[in-house]
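Down below is the structure, laid out as structure tokens.
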Amino acid sequence: MRTQVCIIGGGPSGLLLSQLLHNKGIDTIILERKTRDYVLGRIRAGVLEVGFAELMREAGVGQRMDTEGFVHDGTVIAYGQEQFRIDFTKHTGTPVIVYGQTELTRDLYDKREETGGNLIFNVDHVVINDADTDKPYVTFEADGKSQRIDCDYVAGCDGFHGVSRQTIPLTVRKEYEKVYPFGWLGLLSETPPVHEELIYSNSDRGFALCSMRNANLSRYYIQCPLSDSPSDWSDQMFWNELKRRIPEEHADKLITGPSIEKSIAPLRSFVSEPMRWGRLFLCGDAAHIVPPTGAKGLNTAASDIYYLYHAMVQFYADKDTEGLDRYSEKALARIWKAERFSWWMSNLLHRYPDQTDFDLKMQRADLEFLRENEASQKVLAENYVGLPF
Ligand code: APR
Ligand code: PHB
């Protein structure tokens, strides 16, 4: 087989890049390790920056997002019984869209299949060969056969546990990592959201977040020790703890119900540089991870895709490699700002095992300054809705 761009990974990054390139007449093949249903079964965050939403619309996949997504003009920050609102639209002129990543990925799959996308599922033993030459090729196994795809470029969209990043030699690659000393226990319930906007809460018992997927599907999180497992937490224990971590005004209104999903995710900040090696380009979680506190996971993938999409269009139209040559530099410049924001939000809102009384006073002062100071609220809003591409 031969294609112009071989994309490793059929998650949001790979699917969106493939659709955008298709619309410009650039041929791709997506290799996905799992099945479509398995990918769609993943429960992921659902806050979209305006830039991601624009890319979805440009790809021709924004219809359901625009009709079913919730437009949020702000969010609530709570600490103890105190709470205040950050008005995104007042400070930046733009809102965010709350639309589950599962639905977004479903829309992308549907569009790829509608437009004749070439997706190969259940692949195994993917190897990216000769990425540092002008003739890269990808080998893999599917349907019990060894297969090969010759291509011009490889887009590594295969997430944190994929093969793409590992293809870049350790003598070339530098990795930066921070692992947080806690996890997020998340619960999905078919109940109405406790509030019309998200609530990020710093309580003396730990962090909590109240989010949603639609008018009858809510997503809640509480900070928990890394040693915990979901089976340690009955639904009732979860609801009782969540109520103790959010202001009573909201706790009293919380509608609880049986969990339809309950899981614990670790938190890490991670960046691998560079995001290009020869004809291989890394996108999304393959190159970087953020703690979910700033709702940046999917949105950091958006700017990678934006830069790589435009660079490839520029190359195939004019044989101009300027965008490709600057991809890593441009992508990383925005990624590091998203990493900083996600790290800062995590430090603002979580309780750390080694925090001293002085540290707690600093955290409280940060929250009170944020509450009182318009300029600091504008800084949070600009980062949350998304810095420019
Ligand atoms: N070969 C083929 N496919 C692979 C391989 C491999 N060796 N390894 C992983 N994959 C697939 C995974 O099965 C997954 O479907 O690559 C895809 C990577 O998707 P994601 O992990 O979702 O990463 P990305 O598309 O960059 O999306 C980032 O998704 O994980 C969330 O929080 C993250 O919101 C962010 C977004
Ligand atoms: C979610 O809805 O899952 C979500 C929202 C905001 C975050 C993290 C997760 O910061």
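We count ligands from 1, going down the list as the structure has it; atoms in each ligand are counted the same way.
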**Message:** Tell me if a side-chain donor or acceptor on R165 pairs with a main-chain N or O of A286 at a distance below 3.5 Å.
**Reply:** yes

**Complete:** Atoms of ligand 1 under 4.0 Å from any heavy atom of V126, numbered from 1 in the order shown, are 1 (N)

Where does ligand 2 get N/O contacts under 3.5 Å from the protein, atom by atom?
{"unit_1": "ligand 2", "atom_1": "2 (O)", "unit_2": "S211", "atom_2": "OG", "d": "2.6"}
{"unit_1": "ligand 2", "atom_1": "2 (O)", "unit_2": "R213", "atom_2": "NH1", "d": "2.8"}
{"unit_1": "ligand 2", "atom_1": "3 (O)", "unit_2": "R213", "atom_2": "NH2", "d": "2.9"}
{"unit_1": "ligand 2", "atom_1": "3 (O)", "unit_2": "Y221", "atom_2": "OH", "d": "2.6"}
{"unit_1": "ligand 2", "atom_1": "10 (O)", "unit_2": "Y200", "atom_2": "OH", "d": "2.8"}
{"unit_1": "ligand 2", "atom_1": "10 (O)", "unit_2": "P292", "atom_2": "O", "d": "2.7"}
{"unit_1": "ligand 2", "atom_1": "10 (O)", "unit_2": "T293", "atom_2": "O", "d": "3.4"}
{"unit_1": "ligand 2", "atom_1": "10 (O)", "unit_2": "A295", "atom_2": "N", "d": "3.3"}

**Message:** Give me the nearest non-hydrogen protein atom to atom 19 (O) of ligand 1 as residue plus atom name, then the distance to 0.1 Å.
**Reply:** G11 CA, 3.7 Å

**Request:** Indicate the ring-plane relationship of F315 and Y153, choosing parallel, tilted or perpendicular according to the 30° and 60° boundaries.
**Result:** perpendicular

**Prompt:** Between D152 and R2, does a salt bridge (charged side-chain N to carboxylate O under 4.0 Å, His left out) hold up when you go through it step by step?
**Reply:** CA-CA 9 Å; D152 299 333; R2 196 192 199 293; 3.0 Å; yes

**Request:** Give the atoms of ligand 1, by number and element, whose distance to some non-hydrogen atom of K34 is under 4.0 Å.
**Result:** 13 (O)

**Message:** As a check for students: among K296, H161, R42, R36, identify the option with a heavy atom nearest to atom 14 (C) of ligand 1.
**Reply:** R42

**Fill in**
Under 4.0 Å from one or more heavy atoms of V39, ligand 1 contributes atoms 15 (O)

**Request:** Going by heavy-atom distance to atom 22 (O) of ligand 1, choose the closest among Q166, E32, R44, R33.
**Result:** R44

**Message:** Taking only non-hydrogen atoms of A45, do any sit less than 4.0 angstrom from ligand 1?
**Reply:** no

**Prompt:** Looking at atom 18 (C) of ligand 1, what's its closest protein heavy atom, distance included?
**Reply:** C157 O, 3.4 Å

**Request:** Would you mind checking which non-hydrogen protein atom is closest to atom 29 (O) of ligand 1, with the distance to 0.1 Å?
**Result:** Q101 NE2, 3.0 Å

**Asked** For R371, does its backbone N or O pair with a side-chain atom of Q377 as donor and acceptor, under 3.5 Å?
**Response** yes

**Asked** Counting heavy atoms only, which part of P292 comes closer than 4.0 Å to ligand 1: side chain, backbone, both or neither?
**Response** neither

**Asked** Of the protein's non-hydrogen atoms, which lies at the shortest distance from atom 9 (C) of ligand 1, and what is that distance?
**Response** D158 O, 3.1 Å

**Prompt:** Nearest protein heavy atom to atom 32 (O) of ligand 1, by residue and atom, and its distance?
**Reply:** D285 OD2, 3.8 Å

**Request:** Just jot down the side chain to side chain contact (heavy atoms under 4.5 Å, CB included) partners of R44, sequence neighbours excluded, or say none.
**Result:** R42, Q101

**Item:** Nearest-contact summary for atom 24 (P) of ligand 1 - protein heavy atom, Å
**Value:** S13 OG, 3.3 Å

**Request:** Would you check, one step at a time, whether the test ring pair (Phe, Tyr, Trp, His ring centres under 6.0 Å) holds for Y352 with F182?
**Result:** CA-CA 8 Å; Y352 287 70; F182 41 74; 5.1 Å; yes

**Message:** Would you say the ring centers of F270 and F160 fall short of 6.0 Å from each other?
**Reply:** yes

**Fill in**
heavy-atom search around atom 21 (O) of ligand 1 in the protein gives G159 CA, 3.8 Å

